[in-house]
J.: 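I'd like to ask some things about the structure below.
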Amino acid sequence: MAATVFSAKDVLCPRCSGYYCFPVRLVCGHNICRICLEKFWEWKGCQECPVCGEECASRRPPINLELKIAADEYRARGSETKPDVCSHHNEEFKLFCNNDEQLVCLVCQASKTHRVHECCPVEEAAQQKKDEISTALGPLKENLQTLSKTKKEWKETKSYIQTQRLEVEAAIKEEFKRLHQFLWEEETTRLKALNQEEETKIGVMGIKIEDIEEQIKQLSSTISDAEKALRAEDLPFLHDYKQTKKRVKYNIQDPECVRDILISSAKHLGLLKFGVWKKMENMVSYVPVVLDPNTAQYNLHVSEELTCVQFSSKQVLPDNPERCTRSLCVLGATGFKSGRHTWTVGVGQGKGWHIGVARESIQRKNTVLLNPAEGFWVIGLSKEGMYRAQTSPPIRLVVKQKPERITIDLDLDRGKVTFINADDLTVMHTFKDRFTERIFPYFSPGLCEDWKNSNPLTICPVLIKKDVK
């Protein structure tokens with residue numbers, strides 16, 4: 001059977017006037033795009049042919065494969081034509097259909113597909129759509145800038161993480177080097193004492209062995225002479241009897257009982273680890289809180305052991321979410337939600353500092369007031385030399401003795417933060433509040449024009465008590 005030949009008109013959908021896209025054959029013999037048919041049935045509310053109105057029993061009419069192949073071939077030929085000419089009518093595009101958002105020719109506009117649609121000249125539509133796209137590009141460009149900035153920051157953060165790892169690794173190695181050095185020196189000292197004890201006791205035993213060897217030599221000589229005399233004739237024996245009798249009556253002392261001559265193993269090995277640990281008190285200190293350098297503002301330098309902070313030259317650090325960028329401060333590494341916690345801060349002779357506690361949700365990227373409403377419970381010393389509790393408004397504090405060390409007593413269960421002058425044990429100020437989230441120690445050493453001479457804030461070590469039962 002010869003293949004059906006379709007003309008250009010045969011491959012156009014009677015509904016959309018375009019080339020068929022998956023054409024389906026209805027029982028009445030008409031063909032229509034499957035998508036056009038579904039939209040028509042949805043709009044009409046019944047299953048009838050869009051051309052003749054005859055009812056269609058099947059909701060899934062079969063695809064006309066021959067017609068689809070022909071439509072695809074015509075569409076392929078049409079794509080090779082000029083882009084400014086309508087592939088259906090071979091007319092120049094003059095209009096733009098705003099409803100379907102596509103170029104149409106004058107014939108298309110007159111067809112039932114676009115007859116009721118809003119069309120406008122190409123030039124007018126182009127300007128309108130360019131303005132529309134330009135407006136839509138604005139947020140995209142902003143998003144691109146944000147993404148590019150974030151990518152740069154993340155690359156810097158990645159590099160900083162590697163730098164951090166190297167710095168922390170070096171610090172860990174240095175600490176263990178000091179510990180190894182201490183243990184090596186302690187081992188050397190103890191082995192030296194052991195060797196000295198051995199040398200001393202070996203020397204004592206050497207002298208005593210020489211003495212007893214001399215006694216053995218003399219006694220052996222006496223026994224030998226006496227036995228020789230016994231073997232002599234009677235007259236010679238009796239002639240030498242007195243002298244022989246005198247020699248055999250030699251006063252022999254029992255060997256000395258040498259005490260405490262063995263190595264004192266108990267002295268060297270007893271509680272060895274405890275003794276070494278006790279000696280380590282001189283090189284090991286304990287602080288109840290340490291600083292978190294990842295929260296420190298760019299101008300703050302945190303010591304290697306994380307117990308001291310002071311104003312310094314600006315450092316290149318990543319702007320991670322935890323870092324305080326607008327406030328000259330650093331937070332403690334550990335936050336508290338309950339219980340009682342105490343630590344002492346050495347403030348020295350500096351001014352402009354603030355110490356206390358802050359809640360976890362404080363604004364770290366914006367300038368804020370240091371008061372409880374903003375999440376801060378702190379006191380400080382102004383440049384003018386006045387102590388203040390940072391309430392709203394601030395309360396001036398009167399001190400009998402200028403403190404160089406201040407103890408912070410945080411009682412979360414009772415809702416109190418107490419500041420005590422550690423030099424005379426007087427209470428400087430007490431905040432009373434209700435703490436609903438994690439609370440962190442807060443440290444701000446203040447600005448200093450000559451950062452090389454800035455005053456540090458130091459967390460004071462506490463005495464380690466050994467409970468030995």
Side-chain angles (χ1 to χ4, degrees), residues 21 35 79 83-84 96-103 118 120 122-172 290-304 306 309-335 337 357-370 373-376 436-445 447 451:
C21 181
I35 296 176
S79 63
D84 55 352
F96 183 81
C97 176
N98 289 313
N99 296 72
D100 295 333
E101 295 185 337
Q102 65 181 42
L103 288 165
E118 179 185 346
C120 63
V122 169
E123 296 79 6
E124 179 183 333
Q127 185 59 49
Q128 179 184 353
K129 298 306 178 184
K130 285 181 179 179
D131 293 341
E132 180 183 323
I133 296 300
S134 296
T135 303
L137 279 177
L140 295 180
K141 289 181 178 179
E142 292 179 1
N143 290 338
L144 178 60
Q145 290 179 351
T146 301
L147 292 175
S148 298
K149 181 181 178 182
T150 302
K151 177 184 176 182
K152 180 182 178 183
E153 292 174 351
W154 285 1
K155 280 190 173 182
E156 292 173 352
T157 300
K158 178 183 176 183
S159 177
Y160 182 72
I161 290 172
Q162 295 172 326
T163 302
Q164 263 191 317
R165 195 269 301 171
L166 292 174
E167 291 176 351
V168 173
E169 179 182 317
I172 291 174
V290 294
L291 305 174
D292 183 0
N294 292 337
T295 67
Q297 196 268 353
Y298 303 112
N299 285 93
L300 295 184
H301 173 72
V302 178
S303 64
E304 187 176 279
L306 308 181
V309 59
Q310 66 184 114
F311 185 80
S312 180
S313 58
K314 189 172 182 179
Q315 305 170 80
V316 179
L317 301 171
D319 186 16
N320 49 299
E322 302 83 9
R323 192 173 305 283
C324 300
T325 56
R326 299 302 297 272
S327 299
L328 195 70
C329 67
V330 61
L331 302 180
T334 304
K337 291 198 72 174
V357 297
R359 65 187 177 207
E360 187 173 16
S361 62
I362 57 172
Q363 292 291 327
R364 306 190 185 202
K365 309 300 181 183
N366 300 316
T367 303
V368 293
L369 297 174
L370 295 179
E374 298 289 345
F376 299 88
T436 58
E437 59 180 273
R438 195 177 297 275
I439 300 298
F440 286 81
Y442 176 92
F443 307 86
S444 176
L447 291 167
W451 59 268

J.: If you measure from CZ on Phe376 to CZ on Arg359, what distance do you get to the nearest 0.5 Å?
T.: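 The CZ atom of Arg359 is 8.5 Å from CZ of Phe376, to the nearest 0.5 Å.
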J.: Does any non-hydrogen side-chain atom of Ile161 lie less than 4.5 Å from one of Thr157?
T.: yes
J.: Which pair of heavy atoms, one from Gly335 and one from Phe440, lies closest together, and at what distance?
T.: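 In terms of heavy atoms, the two residues are closest at N-CE2, 3.3 Å.
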J.: With rounding to the nearest 0.5 Å, note down the distance linking CZ in Phe96 to CD in Glu118.
T.: 10.5 Å
J.: Which distance, rounded to the nearest 0.5 Å, do you find between the OH of Tyr160 and the CG of Asp319?
T.: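 So the gap between those two atoms works out to 12.5 Å.
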J.: Once you round to the nearest 0.5 Å, how far does CD of Glu156 lie from CG of Leu317?
T.: 11.0 Å
J.: Ignoring hydrogens and geometry, is there a side-chain-to-backbone donor-acceptor pair from Ser159 to Lys155 under 3.5 Å?
T.: no
J.: For the atom pair CD (Glu167) and CZ (Arg165), what is the distance rounded to the nearest 0.5 Å?
T.: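 It is 11.0 Å, given to the nearest 0.5 Å.
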J.: Say whether, by atom type as modelled, one donor and one acceptor occur between the side chain of Gln297 and the main chain of Asn299 under 3.5 angstrom.
T.: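 Yes: the side chain of Gln297 pairs with the backbone of Asn299.
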J.: Give every donor-acceptor pair under 3.5 Å between a side-chain atom in residues 320-331 and any protein atom, sequence neighbours left out.
T.:
unit_1: Asn320; atom_1: OD1; unit_2: Arg323; atom_2: NE; d: 3.0
unit_1: Asn320; atom_1: OD1; unit_2: Arg323; atom_2: NH2; d: 3.1
unit_1: Asn320; atom_1: ND2; unit_2: Asn294; atom_2: O; d: 3.0
unit_1: Asn320; atom_1: ND2; unit_2: Glu322; atom_2: OE1; d: 2.8
unit_1: Arg323; atom_1: NE; unit_2: Pro318; atom_2: O; d: 2.8
unit_1: Arg323; atom_1: NH1; unit_2: Pro293; atom_2: O; d: 3.2
unit_1: Arg323; atom_1: NH1; unit_2: Ala296; atom_2: O; d: 2.7
unit_1: Thr325; atom_1: OG1; unit_2: Arg364; atom_2: O; d: 3.4
unit_1: Arg326; atom_1: NH2; unit_2: Thr367; atom_2: OG1; d: 3.4

J.: Between CZ of Phe443 and CG of Asp292, what distance do you get to the nearest 0.5 Å?
T.: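 These two atoms lie 11.5 Å from each other.
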J.: Could you go step by step and tell me if Leu140 and Leu144 meet the side chain to side chain contact (heavy atoms under 4.5 Å, CB included) rule?
T.: CA-CA 6 Å; Leu140 295 180; Leu144 178 60; over 6 Å; no
J.: What do you reckon, is CD1 of Ile35 surrounded by more than 12 foreign heavy atoms closer than 6.0 Å?
T.: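 Open.
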J.: Got a sec: does the CD of Glu437 have more than 12 other heavy atoms crowding it under 6.0 Å?
T.: yes
J.: Looking at Lys337, I want to see if its NZ is surrounded by more than 12 non-hydrogen atoms of other residues, nucleotides or ligands under 6.0 Å.
T.: no
J.: Could you list the donor-acceptor pairs under 3.5 angstrom formed between side-chain atoms of residues 128-135 and any protein atom two or more places apart in sequence or on another chain?
T.:
unit_1: Asp131; atom_1: OD1; unit_2: Gln127; atom_2: NE2; d: 3.0
unit_1: Ser134; atom_1: OG; unit_2: Lys130; atom_2: O; d: 2.8
unit_1: Thr135; atom_1: OG1; unit_2: Asp131; atom_2: O; d: 2.8

J.: For a quick test of reading the model, state the closest non-hydrogen atom pair linking Ile362 to Glu374 and the distance between them.
T.: CG2-O, 3.8 Å
